[in-house]
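Comments concern the structure below.
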Amino acid sequence: MSFQIHNTLSRRKEEFRSLQPGIVRMYNCGPTVYSRAHIGNMRTFLLADLLRRWLELSGYEVRQVMNITDVGHLTDDDAGEGEDKIEAQARREKRDPWEISRGYTELFLSDLAKLSFVPPLVHPRASEHVPEMLEMIEGLIAKGHAYRVGDDVYFDVKSFPRYGALSGNRVAELEAGARIAVREEKRNPEDFALWKSDPAHLMKWKSVFGEHGFPGWHIECSAMSRKHLGEQLDIHTGGEDNIFPHHECEIAQSEAFTGKTFARYWMHARFLQVDGGKMSKRLGNCYSLDDVVAKGYEPRHLRYCLIRGHYRQPLNFTWGILEECRSALESLDDFVRRLRVAAAAGGPARGEELVAAARASFDAAMDDDLNTPSALAAVFALRGATLEDRLGPQAAHAALGFLERVHAALGVLRLEQQNLDQQVEGLIRARLAARKAKDFAAADRLRGELVALGIALEDTPRGVLWKRADGTGGGPIQ
RNA sequence: GGCGGCAUAGCCAAGUGGUAAGGCGACGGAUUGCAAAUCCGUUAUUCCCCGGUUCGAUCCCGGGUGCCGCCUCCA
């Protein structure tokens, strides 16, 4: 079975094949760093991380680029009007816009790290790629796809007949839409800004178009992907809202400039819903990772919560659901401990076919357009088999290996072994001896001491399992 | 108005033209020195509604209803 990807462009699943054998060039639309990223943002970025991980496990070298938009994203991009989002936030916070973008960039990267994202090759900043953008803009003018009006530059949508192919929008219908762009200087209402000039703008650059210019939002991705990955991408990802206009515009700019297909596979994540609807500042449910942690959850609980649904399906978030996710994940932690016990125990070889079947199901699910809910089901099926004691030591060992793969793909398990300090291990062994001698009073007293140290015990037929009260660590003592 | 998506048990969520994975929760039983965990059993007979195609549809087609997204800031 090969890797199947749902391509927004064709609206169907396609077999994934990279342009260059063994190498995948992937560009992920990243955040505009004007505020704290919320858990909905994370769902979209998680699609990128999941893809990265699965492609690598499938044997590809993945050249992954996720941009940081730190300039040029206006509150009304296509009209080329409105305020720069970062400058607007700077005004609200009464700070320098560069401070704003730097601060939120750091927070964003720290959130990704906490959520176990595999770092991309590079997180290019728009502000550091203005020369590359200008090169493309001037090239587009030279090729007749863009035109200058005063010190502004617009892309001429009518010069690119495929405009609308990704989103299904037709230019004629767009004109009749709710958005009426009233920039009379534009040739067509749907033309979008490549470069704007405004002396009042705080983040600005000199160029052939004047002293006080700044780039349009869409051009950054075309320029940065070209610089870091070349003219043709294998995969381009983003949130569903990016389909139009952002990605439609990127295609137009890049393809008009290079004459080549920009990206072959487009993948878009559905918006996360909260409390059954769109999250909103008004309702106060634009939760960030900090809110999740403040409620006592670990980042991986959120990660699990986000992969429990398929990325193209609607997914709802509530605190109650997050709590269910914690329970599910803890039962998987327990599964790992049981496996360690079974691997260390003696007994005949058996159950290897169950591990092989789980792995086959898991791989098939992931190959099917990253069907994480189905992949998770394969893991739980193996957990069931383990708890029924159907795995011999070799199979248990193999199962642990399988879980390494699961973790490499999903990043939600806890597999690291933690050693007990000698004092604690001594107490556990003393209690074991007391139980064996049927001195239950002493055993319970020792367990009390361990609880005070934050260690929980569980007696099983094969020995004692310990774990820390906070859920970390744990393993068998025999 | 244009473009698109979704509707599966108490909650969450896969999936298939031949009668429904998995998780969480709940209930009953078992096991355990105790505890915890675990095990067994039960928990969807309209898979939103109405038509149609078919030997047969939850899955295909048409219509309806509801919700969501883009077209306007948004991942």
Got a second to check how far Leu115(A)'s CG is from Leu289(A)'s CG, nearest 0.5 Å?
5.0 Å

Looking only at the side chains, is there a donor atom on one of Glu248(A) and Asn169(A) sitting less than 3.5 Å from an acceptor on the other?
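No, because no side-chain N or O of Glu248(A) sits under 3.5 Å from a partner of the opposite role on Asn169(A).
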
Regarding Asp84(A) and Tyr34(A), is there a side-chain donor-to-acceptor distance under 3.5 Å anywhere?
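The criterion, which ignores hydrogens and geometry beyond distance, is not satisfied for Tyr34(A) and Asp84(A).
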
For [N], the Watson-Crick or wobble partner whose two distances fall under 3.5 Å:
N       : answer
rC70(B) : rG2(B)
rG33(B) : none
rU19(B) : none
rC48(B) : rG64(B)
rU42(B) : rA26(B)

Starting from [atom2] on [N], measure out to [atom1] on [X] and report it in whole angstrom.
X         : N       : atom1 : atom2 : value
Asn316(A) : rC24(B) : CG    : P     : 19 Å
Leu306(A) : rA13(B) : CG    : P     : 12 Å
Leu457(A) : rU38(B) : CG    : C1'   : 16 Å
Ile428(A) : rA35(B) : CD1   : C1'   : 15 Å
Asp459(A) : rU31(B) : CG    : C1'   : 13 Å
Arg326(A) : rC24(B) : CZ    : C1'   : 13 Å
His38(A)  : rA75(B) : NE2   : P     : 6 Å
Arg383(A) : rC39(B) : CZ    : C1'   : 12 Å

Contact class for [X] (heavy atom, under 4.0 Å): base, sugar-phosphate, or nothing?
X         : value
Gly168(A) : sugar-phosphate
Arg308(A) : sugar-phosphate
Arg435(A) : base
Lys278(A) : base

What is the ring orientation for Phe192(A) with Tyr163(A), classed by angle as parallel under 30°, tilted 30 to 60°, or perpendicular over 60°?
parallel

For the pair Trp266(A) and His268(A), name the ring-plane relationship: parallel under 30°, tilted 30 to 60°, perpendicular over 60°.
parallel

Any donor-acceptor N/O pair under 3.5 Å between [N] base and [X] side chain:
X         : N       : result
Arg270(A) : rC6(B)  : no
Asp389(A) : rC39(B) : no
Asp444(A) : rG33(B) : yes
Glu240(A) : rG69(B) : no

Counting side-chain heavy atoms from C-beta on, which of rC6(B), rC34(B), rU38(B) comes nearest to Leu387(A)?
rU38(B)

Among rC24(B), rA37(B), rA14(B), which nucleotide has an atom closest to any side-chain atom of Glu324(A)?
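In terms of side-chain proximity for Glu324(A), the closest of rC24(B), rA37(B), rA14(B) is rC24(B).
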
Regarding Arg52(A) and Asp49(A), does a basic nitrogen lie under 4.0 Å from an acidic carboxylate oxygen?
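The answer is no: the pair does not qualify as a salt bridge.
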
